Protein chains: 2
Amino acid sequence: MQLRNQVEWALHCCGLLAGLPEGRRLSTKSLADFHGVPKEYLSKALQALSTAGIVEGSLGPAGGYRLAKPPSAVSFLDIVEAVEGRRRTFACTEIRRNNPCRATDTCDMAPCTIARVMWEADEAWRERLRATTLADLAAMLGAEIPAETLRKVAAWVGARS
Amino acid sequence: MQLRNQVEWALHCCGLLAGLPEGRRLSTKSLADFHGVPKEYLSKALQALSTAGIVEGSLGPAGGYRLAKPPSAVSFLDIVEAVEGRRRTFACTEIRRNNPCRATDTCDMAPCTIARVMWEADEAWRERLRATTLADLAAMLGAEIPAETLRKVAAWVGARS
DNA sequence: TTATTGTGGATATTTGATATCCATAAGGAT
DNA sequence: ATCCTTATGGATATCAAATATCCACAATAA
Ligand code: SF4
Ligand code: SF4
């Protein structure tokens with residue numbers, strides 16, 4: 001039960017895009033170089049973010065990606081769901097249908113207790129991810145990363161956007 | 001990002017075992033028949049539960065599994081972790097190490113903000129699963145399942161344990 | 001003795017994650 | 001106009017994990 005590695009990449013890319021000066025963009029190649037991940041595969045994650053309306057891409061030289069919304073309007077959950085999908089972690093295959101003791105005519109029963117508990121746990125997970133936005137992330141990163149590093153990142157981004 | 005189907009099977013089996021009369025056991029074959037799942041594969045899940053100390057098996061005819069603890073001492077989380085493992089859903093591959101702007105000598109940094117948020121979400125998920133035990137499940141099932149069905153299940157179990 | 005059961009190892013099969021490649025259209029620079 | 005760079009999306013290869021089966025073995029009750 002593990003999230004795709006694309007989720008980690010997508011979160012990092014969004015974190016970087018959130019700090020981008022107004023009007024600037026970063027290309028897939030730049031984002032891949034910065035994080036040391038394969039460009040072609042990262043591209044799939046960025047396309048998923050684009051489809052979900054979290055980032056928007058533009059073509060041509062000087063093209064690339066930028067956030068489609070203000071950082072405070074993009075939650076971790078938005079990003080995770082865009083890349084990972086919205087399926088629940090607990091898949092109910094209705095094995096109770098095979099139960100030899102069940103009445104055969106009770107067809108459309110409500111989801112059973114077991115499934116409900118598992119789905120509530122999923123919802124608790126999502127609720128936590130909904131609670132943190134890219135704006136929150138930027139604030140935390142600003143407090144944790146050495147000023148020296150932040151300066152170098154800004155310079156690097158400035159040169160490639 | 002999906003839990004193994006063994007998780008669903010294990011939860012159902014534990015639910016059934018929780019209602020077992022004192023001293024009785026159910027074999028892998030019976031549990032597989034009841035739920036309509038492959039016996040050999042279900043066996044792996046039961047072995048995981050046994051290793052985790054949640055159920056205990058005994059050999060020979062009239063052998064089989066029973067709970068190793070009172071139902072109130074077994075949480076959903078215990079069962080899920082026994083079958084699925086304890087890895088976190090978010091695997092941090094430390095891609096920040098590839099960041100061209102990072103100081104090369106900052107080696108043992110704390111887990112970054114992104115990883116912390118993801119892990120807190122995992123913890124919220126686990127917390128919810130820790131909060132419900134097999135005793136809770138039994139109470140809920142008793143309230144939801146028709147008395148007629150409960151009676152038939154008891155008869156079926158009685159005949160095979 | 002015999003039939004039944006859990007345990008655990010080996011292994012096959014299927015699915016999904018990971019990764020690469022290429023064709024295409026669009027935009028900016030010259 | 002031309003050329004280079006870019007995002008988009010389809011096709012496909014590669015690899016790991018989930019799913020499933022089979023068998024050898026020891027323990028145990030009848
Ligand atoms: S009893 Fe619940 S968890 Fe099990 S198969 Fe039915 S709905 Fe799913
Ligand atoms: S920045 Fe955080 S999530 Fe990303 S690789 Fe480092 S520890 Fe992991």
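Throughout, protein chains are lettered first and strands after them, A, B, ... in sequence-line order, and every chain is numbered starting at 1. Keep in mind the model is a prediction, meaning the values are calculated, not measured.
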Chemist: I need the CZ-P distance between A:Arg66 and D:dT6, as an integer number of Å.
Modeler: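 In whole Å, D:dT6 P and A:Arg66 CZ are 17 Å from each other.
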Chemist: Assign each of A:Ala62 and A:Lys39 to its nearest nucleotide of DNA chain C by heavy atoms, then name whichever residue's nucleotide is nearer the 5' end.
Modeler: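 Here A:Lys39 is the residue nearer the 5' end.
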Chemist: Can you find a donor-acceptor N/O pair under 3.5 angstrom joining the side chain of A:Lys44 to the base of D:dG10?
Modeler: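 Yes, the side chain and the base share a sub-3.5 Å donor-acceptor pair.
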Chemist: Would you mind telling me which residue lines up with the more 5' stretch of DNA chain C, A:Leu59 or B:Gly64, judged by nearest nucleotide?
Modeler: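 The residue whose closest nucleotide sits nearer the 5' end is B:Gly64.
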Chemist: Does B:Thr28 reach a base, just sugar-phosphate, or nothing at all? Heavy atoms under 4.0 Å.
Modeler: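 Touches sugar-phosphate only.
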Chemist: Looking for any heavy atom pair under 4.0 Å, which part of the strands does B:Ser50 touch: base, sugar-phosphate only, or nothing?
Modeler: sugar-phosphate
Chemist: Side chains of A:Arg25 and A:Ser161: do they bring a donor and an acceptor to under 3.5 Å?
Modeler: no
Chemist: Just how far, in rounded Å, is C1' of C:dT5 from CG of B:Leu31?
Modeler: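 About 13 Å, once rounded to whole Å.
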Chemist: Is the shortest distance from a Lys or Arg side-chain nitrogen in A:Asp33 or A:Lys39 to a carboxylate oxygen in the other one below 4.0 Å?
Modeler: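 Result for this pair is no, no salt bridge flagged.
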Chemist: Check the pair B:Tyr65 / B:Gln47 against side-chain contact (heavy atoms from CB on, under 4.5 Å), numbers first and verdict last.
Modeler: CA-CA 10 Å; B:Tyr65 290 101; B:Gln47 284 177 43; 4.3 Å; yes
Chemist: Would you mind checking if A:Glu144 and B:Arg116 are paired as a salt bridge, meaning a charged N to carboxylate O distance below 4.0 Å?
Modeler: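 Yes.
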Chemist: Could you tell me how far apart B:Gln47 (CD) and D:dC22 (C1') are, to the nearest whole angstrom?
Modeler: 13 Å
Chemist: Would you say a side-chain N or O of A:Asn5 is under 4.0 Å from OP1 or OP2 of C:dT18?
Modeler: yes
Chemist: Regarding B:Lys29, tell me which of base, sugar-phosphate or nothing describes its non-hydrogen contacts under 4.0 Å with the strands shown.
Modeler: nothing
Chemist: Would one find a side-chain N or O of B:Tyr41 under 4.0 angstrom from OP1 or OP2 of D:dT19?
Modeler: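 Checking D:dT19 against B:Tyr41, a side-chain N or O does come within under 4.0 Å of OP1 or OP2.
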Chemist: For the pair made of CE in B:Met1 and P in D:dA18, what is the distance, rounded to whole Å?
Modeler: 13 Å
